[in-house]
Amino acid sequence: MPTDLRAVSADNSSSGAGLVVPPRSVFQSRAGFAVIVFALLMWLPFINQAFTIDDTNFLALAAHAWPHPLALYNFRINWLGEEQRAFDILANPPLVPWYLALVSTIARGREWVFHLSYWPFLVMTLAGAYRLGKRFAPDQGPQWTLLWTAFAPGLVVAEHALMPDVPLLSCYVLGVALTIDAFDADNTAFAVGAAFFAGMAAVIRYSGITVIPLLLLYALLNRVRPRTTVPALISAAAPLTAWSIASYQVYGHVHWLAMSGFEGQTLDAGDLVQKIVYQCSSLALVIAPAALLALLLNRELRQSIRNGAAMGLALSVGLTLQPWLPRLLTAWAAALLAIGLAGTGAIGVLITRNIRGAKQARVWRRHSGPEADGLFLTSWVLGILIFNLYLAFAAVRYLLPALVPTVLLLQRAFRGDPRSRRGWWHATGISFALAALLSVSDQQFAEVYREYAATLPKATQQRWFTGHWGWQYYMEAAGGRALSSSSNVQPGDEVITPL
């Protein structure tokens, strides 16, 4: 990319073109540093949260990662009701279990030590969000990108678990931000290192593989020279390539290819619609609600966005009128669906506008500009949504890689002087309150298993149990064994089944 074009503002806000100071570290910003400190303090009440959901299987992998780190999947676990080889059913790569294995040497089972060890990942995530805000929404303010990322309810709740979501986000967001900086500066050495860091996302969770085509797209849209692009993409693919070779050598199969059969599924039309509605509603309700509310509360809101929200609301009404849906949804759930789809309609308008703008500007024939940036962010969001359609399971945390680009898309839609937008703080407060309430609920849910296991008297014979998640961790820690059809239950053994 020519030097003079690299210096031109990449934002498509109302201020138009202009020279932009290179992205400054969040730690050099008093406001940015304060947000990070506050986000960490917000974590403190939950620092000793009980292990929950999939924490158990990551801790099991960590326990088997020593003394042979590559053989961590070479054991049997009852995670789906029957004992099976871990390699065949635990569908995540090894980097987080390796990290937990190191932490466990000092944690010795203490929950707060494990949770504290995840703080650096949140800091890296927020640092990356700030850099991306400086790059893609400088006029609207990177401090808002940072704030709306830090207080996203989906991220705040994910921070209190040992699953790979926050580590994934740290490599994904900060890695992409650093690689973009390197691409814009045409710095090959920096690009190779930054892309390798981004590529580590793929050995944290396999959805991290999407970072590779994302970096390629940015390079193509911004005419980054091949001498910089090619080494960077090879570097981004290196972590997953190394793990693929290692897993084949140890297990006779490439792990992520083996997991494609376990995780992948063929969706019929009904399942596809349900997954799309779930993902889109979650994106609006708990991934980027602050930025979305700030946009919808803006007095200068464009009519097309209002129309999009109205269309989403109409769609939710149409769905609730279907004879099968009222039996599945409570009135409260139906209200949340309506809010989620209204927000989805607004986001959908922005996505459509960016795609149409890129087509009209013929971004594939010209150097980078606002339309290319809009297409890049749109592709980032859509890429994550499409990838998740292929997975067997659905969860809000799978949408976290789309958090920052969604916030940026919404930010870039604002017009006028950002200092005049009083609703931004109101929207931030609502998102913060929602994040706090969901965190308390999640903590209470997780604590049930730990408390019950602690109240059990000492077993006189073998104690068996059914159920998984955090319940399995605490029961096994107390000497229980997961019940399966092949279990050798003896007379007098105790069987505990949660209701």
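A donor-acceptor pair under 3.5 Å is absent between the side-chain atoms of Tyr130 and the main chain of Gln143, judged by distance alone. Under the 3.5 Å distance criterion, the side-chain polar atoms of Trp380 are matched with a main-chain donor or acceptor of Pro401. Put simply, the side chain of Tyr251 gets close to the backbone of Tyr73: a donor and an acceptor are under 3.5 Å apart. Of the possible donor and acceptor atoms, none in the side chain of Ser281 sits under 3.5 Å from a partner among the backbone N and O of Tyr278. Although no hydrogens or angles enter the test, the distance criterion places no donor-acceptor pair under 3.5 Å between the side chain of Glu111 and the main chain of Asn48. Side-chain atoms of Tyr99 come within 3.5 Å of backbone atoms of Ser117 as a donor-acceptor pair (strictly under, hydrogens ignored). A distance-only check finds a donor-acceptor pair linking the side chain of Thr125 to the backbone of Ser170 [under 3.5 Å]. Under a 3.5 Å cut-off, the side chain of Ser235 and the backbone N or O of Val192 do form a donor-acceptor pair.
For the pair Glu83 and Arg76, the tightest heavy-atom approach, listed with the atom from each and the gap, is O-NH2, 2.9 Å. The two residues Ala129 and Val404 make their nearest non-hydrogen contact at CB-CG2, 4.1 Å.
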Pair Tyr172-Ser207, side chain to side chain donor-acceptor pair (under 3.5 Å): steps then yes or no: CA-CA 10 Å; Tyr172 207 116; Ser207 58; over 6 Å; no
Salt bridge (Lys or Arg N to Asp or Glu O under 4.0 Å) between Asp54 and Arg397, intermediate numbers included: CA-CA 12 Å; Asp54 287 348; Arg397 62 183 186 272; 3.3 Å; yes
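Ring geometry, Tyr452 versus Trp471: the interplanar angle falls from 30° to 60°, so the pair is classed tilted. Note on ring orientation: taking the six-membered ring where Trp is involved, the planes of Tyr474 and Phe51 are parallel (angle under 30°, cut-offs 30° and 60°).
Partners of Arg205 by side-chain hydrogen bond (donor to acceptor under 3.5 Å, both in side chains), not counting sequence neighbours, listed by chain and number: Asn92, Asp165.
Within the structure, salt bridge (Lys or Arg N to Asp or Glu O under 4.0 Å) contacts touching residues 466-477 (residues at least two apart or in different chains) do not occur.
The ring-ring contact (aromatic ring centres under 6.0 Å, His included) test with Trp148 is passed by exactly one of Trp425, Phe432, Trp424: Trp424.
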